Amino acid sequence: QTKKDSRGQFSFFRPEMQKELQERVSLETELRHAVQQNEFELHYQPQVDMNSGNIIGLEALIRWQHPRLGVIPPAQFIPLAEEIGLISQIGEWVLKTACQQNKSWQNEGHSKVTVAVNFSAKQLMQTNIVQLVNNVLSESGLEARYLVIEITESLSMTDPETTITIMQALKTLGVKISIDDFGTGYSNLSYLKRFPIDEIKIDRAFVKDITTDPHDLAITKTIIAIAHCLDLKVIAEGIETQSQLALLIQQKCDMMQGYYFSRPLTAESCSQLLVENPSIKLDEIRQNKYQR
Ligand code: C2E
Ligand code: MG
Ligand code: MG
Ligand code: MG
């Protein structure tokens, strides 16, 4: 392997490719197995209201608890799941689990929060998606207004007409719709105007350098201004520092999410957070005492 093999260099199928293929095949097999064995877990990241300092939402983020490799983040298996047709099953599990969990938190008597679930392209386009959401809501007993569906901008732009139709049907159920990773896709503003959405999430890419890069600050200001003109709420993702927070407060951003407030938490830690402090003051949040 350490010696350079000139034949290998020119052959189409290099040894590394063999290795990649094997890894992929085994990841595929293991992912199918994971779906059967239910090796997934949801973590929840608080979303904080800028005015009150209250936690008003929780974003559900999937993790794969691999028996041998440990925790595998979604970026490493969601695209594969989409490719090999497992995303509907995984997505359905996420939706059910998140709605049941939120309902059970509500039953415990804390102030009610929304739960945000990420939908992938294939999932949104699956034929029975509106029926599925409706069934999950009625089976879990969660009121529709406590479910937010996050859809990434780039995916919704590939087929805007169908996207609008499905969004409208979902809105009719009473769920909220949020455009995730806003600013990183095609950013077609005329589509944005036509989408029946409630909220946009400013991508972490803009928040990251907001205090040092005037362009990122300008973009963020503009996104917030446009959103407010269209009567949409704005949530900023990936807030890690107090100076980012201060700037976003100044810009009248409505909601915040990021490591600064809390990392994504296990359901258990999240329960504890809700029990201990259902209406955290921004000052307390600044101490970041709920880090996992
Ligand atoms: P996303 O929906 O944009 O989620 C935000 C991601 O940023 C999460 O990564 C979260 O842990 C991370 N994050 C939050 N705050 C901070 C911060 O302050 N700094 C930094 N550096 N990162 C922060 P995660 O959990 O690895 O998820 C990555 C992506 O995977 C998500 O991006 C979402 O697109 C996708 N995803 C997660 N769960 C699901 C799911 O259940 N279904 C589908 N289809 N996609 C999912
Ligand atoms: Mg999201
Ligand atoms: Mg996002
Ligand atoms: Mg993102």
Side-chain angles (χ1 to χ4, degrees), residues 31 34-35 38-48 57-65 70-99 101 114-126 129 132-133 136 147-156 176-185 197-211 223 234-245 248 255-267 269-270 285 288 290-292:
L31 190 54
V35 170
N38 192 21
E39 290 172 0
F40 303 109
E41 196 175 289
L42 289 186
H43 286 196
Y44 298 87
Q45 188 177 34
Q47 301 177 322
V48 176
L58 297 164
E59 180 176 6
L61 295 158
I62 194 170
R63 272 89 184 93
W64 175 8
Q65 300 287 345
V71 180
I72 303 181
Q76 282 176 38
F77 68 90
I78 290 288
L80 179 63
E82 288 199 26
E83 225 179 287
I84 64 176
L86 287 176
I87 195 64
S88 303
Q89 253 178 292
I90 295 174
E92 189 173 332
W93 177 83
V94 171
L95 184 66
K96 278 184 183 162
T97 307
C99 288
Q101 181 63 74
T114 56
V115 70
V117 172
N118 292 282
F119 268 29
S120 80
K122 293 238 169 90
Q123 207 185 343
L124 190 74
M125 297 300 170
Q126 85 190 43
I129 191 65
L132 176 73
V133 172
V136 169
L147 174 63
V148 178
I149 292 172
E150 293 192 5
I151 298 165
T152 59
E153 184 193 15
S154 45
L155 92 82
S156 39
K176 294 194 178 113
I177 295 175
S178 175
I179 297 291
D180 206 349
D181 304 335
F182 188 82
T184 59
I197 60 176
D198 300 279
E199 166 190 290
I200 62 177
K201 296 188 83 169
I202 300 179
D203 195 75
R204 188 167 81 228
F206 301 110
V207 174
K208 202 170 135 278
D209 298 322
I210 195 177
T211 56
I223 294 174
V234 185
I235 176 162
E237 55 178 24
I239 293 159
E240 294 185 355
T241 68
Q242 189 161 325
S243 39
Q244 289 169 339
L245 173 66
L248 287 158
M255 286 166 283
M256 316 284 233
Q257 185 179 344
Y259 293 170
Y260 182 74
F261 302 101
S262 171
R263 290 191 174 250
L265 304 166
T266 60
S269 305
C270 205
I285 291 166
N288 211 3
Y290 288 107
Q291 273 214 357
R292 190 163 173 263

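Worth knowing before you read on, the calculation uses all heavy atoms, side chains too, and leaves out hydrogens, waters and symmetry mates. Remember, it's 1-based here, ligands and their atoms both numbered in the order they're listed. Here the structure is a predicted model, which means the values were calculated and not measured.
- Applying the 4.0 Å criterion to heavy atoms of Ile239 picks out, from ligand 1, the atoms 18 (O).
- Residue contacts with ligand 1, taken as heavy atom pairs separated by less than 4.0 Å, do not involve Thr152 at all.
- Of all the heavy atoms in Leu61 and Pro264, the pair that sits closest is CD1-CG, 3.7 Å.
- Evaluated by nearest non-hydrogen atom to atom 35 (C) of ligand 1, the leading choice among Ser262, Pro74, Ala60 is Pro74.
- Paired with Gln257 under the rule side chain to side chain donor-acceptor pair (under 3.5 Å), one option of Arg204, Glu237, Lys201 passes, and it is Lys201.
- For the pair OD2 of Asp180 and OE2 of Glu59, the angle whose vertex sits at the Mg ion (ligand 2) is 180° to 10 degrees.
- Not a single N or O atom of Gln123, backbone or side chain, sits closer than 3.5 Å to an N or O atom of ligand 1.
- One N or O on the side chain of Gln244 and one on the backbone of Glu240 form a donor-acceptor pair closer than 3.5 Å.
- Taking a 4.0 Å cut-off on heavy atoms, Gly238 registers as neighbouring ligand 1.
- Of all atoms in ligand 1, listed by their number and element, those nearer than 4.0 Å to a heavy atom of Glu240 are 17 (C), 18 (O), 19 (N), 20 (C), 21 (N).
- Distances from the Mg ion (ligand 3) to each N, O or S atom of Asp181 single out OD1 as the nearest.
- Looking at Gln45 against ligand 1, only its side chain comes within 4.0 Å, counting heavy atoms.
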Would Leu265 and His43 satisfy side-chain contact (heavy atoms from CB on, under 4.5 Å), going step by step from the backbone distance to the final call?
CA-CA 5 Å; Leu265 304 166; His43 286 196; 6.0 Å; no

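- Asp198 places a side-chain N or O within donor-acceptor distance of the main-chain N or O of Ile177, the cut-off being under 3.5 Å.
- By the criterion of a heavy-atom distance under 4.0 Å, neither the backbone nor the side chain of Arg263 is placed next to ligand 1.
- For Gln123 (side chain) and Ile87 (main-chain N/O), no donor-acceptor pair under 3.5 Å exists by modelled atom type.
- Residue contacts with ligand 1, taken as heavy atom pairs separated by less than 4.0 Å, involve Asp180 solely via side-chain atoms from C-beta onward.
- Closest to the Mg ion (ligand 2) among the N, O or S atoms of Glu150 is OE1.
- Residues Leu42 and Val94 share a closest heavy-atom pair of CD1-O, 3.7 Å.
- Smallest separation of non-hydrogen atoms from Ile62 and Ile78: CG2-CD1, 4.1 Å.
- Annotation for ligand 1: atoms under 4.0 Å from non-hydrogen atoms of Glu237 are 3 (O).
- With a 4.0 Å cut-off on non-hydrogen atoms, Gln257 does not touch ligand 1 at all.
- Under a 4.0 Å criterion applied to the non-hydrogen atoms of Arg204, ligand 1 contributes the atoms 6 (C), 7 (O), 12 (C), 13 (N), 19 (N), 20 (C), 21 (N), 22 (N), 23 (C).
- A distance-only check finds no donor-acceptor pair linking the side chain of Gln89 to the backbone of Leu86 [under 3.5 Å].
- For Asn118, heavy-atom contacts with ligand 1 shorter than 4.0 Å involve the backbone as well as the side chain.
- The option with the heavy atom closest to atom 31 (C) of ligand 1, from among Leu124, Leu42, Leu61, is Leu61.
- In terms of heavy-atom proximity, Tyr44 sits nearest to Ala98 at OH-CA, 3.8 Å.
- Taking a cut-off of under 4.0 Å to the non-hydrogen atoms of Ser120, the atoms of ligand 1 that pass are 44 (N).
- Only the side chain of Arg63 comes within 4.0 Å of ligand 1, counting heavy atoms alone; its backbone N, CA, C and O stay farther away.
- At least one N, O or S atom of Asn118 sits under 2.8 Å from the Mg ion (ligand 2).
- The Mg ion (ligand 2) has no N, O or S atom of Glu237 inside 2.8 Å of it.
- Residues Phe206 and Phe182 approach most closely at CE1-O, 3.5 Å, considering heavy atoms.
- Between Asn118 and Glu59 there is a side-chain heavy-atom pair separated by less than 4.5 Å.
- Close contacts of ligand 1 with Pro264, meaning ligand atoms under 4.0 Å from a residue heavy atom, involve 11 (O).
- Across Ala267 and Gln101, no two heavy atoms sit closer than the pair CB-OE1, 3.5 Å.
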